[in-house]
Amino acid sequence: MTPVRRIGVFGGTFDPIHRGHLDIGCAAERALGLTRMLVIPGGVPPHRAQPVASGYHRFAMVALSVAGRPGWRASDLELRAGGRSYTSATLEELRGRGYASTELFFVIGADAFADIEAWKNYPGILDHAHFAVVSRPGCSVSQLPERLPTLARRMVRPPIDPATTPNPSIILIDAPTADVSSTVVRERRALGQSIAGLVGPSVEQHIEQHELYTAAPDDREPSPAAGRLNGQG
Ligand code: ATP
Ligand code: MG
């Protein structure tokens, strides 16, 4: 029998990718036995500010981070599409690209999942893939059944048993991740402080070499008025 392929789909702004992102990816990979992890830098949710670094730099930092991690891939799917990038469209696109017979797990932090009701195509988006939700410092997955009571019956804990798991389901993974955010990395850079340990060494070097997050105008993506807008949700 062919083993089931379990693909992690990890979307985010990654402005920049940091230790917490790598931890959540590893936690989902371990808990679910994922065979591949697609890390997809995209745009910004409609309700948040635009990325500071360009899509090119954000992709480069994701590519540096997946180097040497077997099964992990940097995906340019959302950046190539341009415009707003919606998770529901991304998942549909992946199904059309040969992932139809695989199990897709959208990897997401508990803080982001807590806002899922505001996402485009909610609640239908939850039928596009399993959602692998991982605790973030200050936002445990244990709070989610109470926070999202209408979804509580779909929430399960790993390990996943295909015979008993509602399909697709919301898998709650309680694992420690680094208490880091991209916001803190950007703020520390703007203040001229070290970001060692918050991001991987290659990403730290990339940020320093290209002088990212120092508030230089060249680091910024075009404004919506300039005609290009990314979004996620
Ligand atoms: P920002 O501060 O710019 O919002 P961020 O650190 O929250 O950045 P995002 O790119 O917004 O990073 O997050 C992408 C995904 O990674 C989201 O699902 C988010 O919940 C998750 N995530 C980010 N940091 C962590 C962390 N430290 N632990 C667990 N999940 C995280
Ligand atoms: Mg965030």
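For ligands, and for the atoms within them, numbers begin at 1 and follow the listed sequence. If you're wondering where the values come from, they're calculated on a predicted model, not measured in any experiment.
Among all heavy-atom pairs drawn from Pro41 and Phe14, the shortest one is CA-CD1, 3.7 Å. Nearest approach of Val203 to Pro16, heavy atoms of both residues: CG1-CB, 4.5 Å. The heavy-atom pair separating Ala110 from Leu144 by the smallest distance is O-CD2, 4.1 Å.
Looking only at atom types and distance, the side chain of Asp174 has a donor-acceptor partner in the side chain of Ser135 under 3.5 Å away. If you check the side chains of Asn121 and Ser88, you find a donor sitting under 3.5 Å from an acceptor.
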Measure and list all N/O to N/O distances between ligand 1 and the protein that fall under 3.5 angstrom.
from, atom 1, to, atom 2, distance (Å)
ligand 1, 2 (O), Thr183, N, 3.0
ligand 1, 2 (O), Thr183, OG1, 2.4
ligand 1, 3 (O), Arg48, NH2, 3.0
ligand 1, 3 (O), Arg186, NH1, 3.1
ligand 1, 3 (O), Arg186, NH2, 3.4
ligand 1, 4 (O), Arg48, NH1, 3.0
ligand 1, 6 (O), His18, NE2, 2.8
ligand 1, 6 (O), Arg136, NH2, 3.2
ligand 1, 6 (O), Ser182, N, 2.8
ligand 1, 7 (O), Arg136, NH1, 2.9
ligand 1, 7 (O), Arg136, NH2, 3.3
ligand 1, 8 (O), Ser182, OG, 3.3
ligand 1, 10 (O), Thr13, N, 3.1
ligand 1, 10 (O), Phe14, N, 3.1
ligand 1, 11 (O), Arg48, NH1, 3.4
ligand 1, 12 (O), His21, NE2, 2.9
ligand 1, 13 (O), His21, NE2, 3.4
ligand 1, 18 (O), Gly109, N, 2.9
ligand 1, 20 (O), Gly109, N, 3.3
ligand 1, 20 (O), Asp111, OD1, 2.5
ligand 1, 24 (N), Arg136, NH1, 3.4
ligand 1, 24 (N), Arg136, NH2, 3.2
ligand 1, 27 (N), Ala178, O, 2.8
ligand 1, 27 (N), Val180, O, 3.2
ligand 1, 28 (N), Thr177, OG1, 2.7

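A ring pair (Phe, Tyr, Trp, His ring centres under 6.0 Å) with Phe106 holds for exactly one of Phe131, Phe113, Phe10; it is Phe131.
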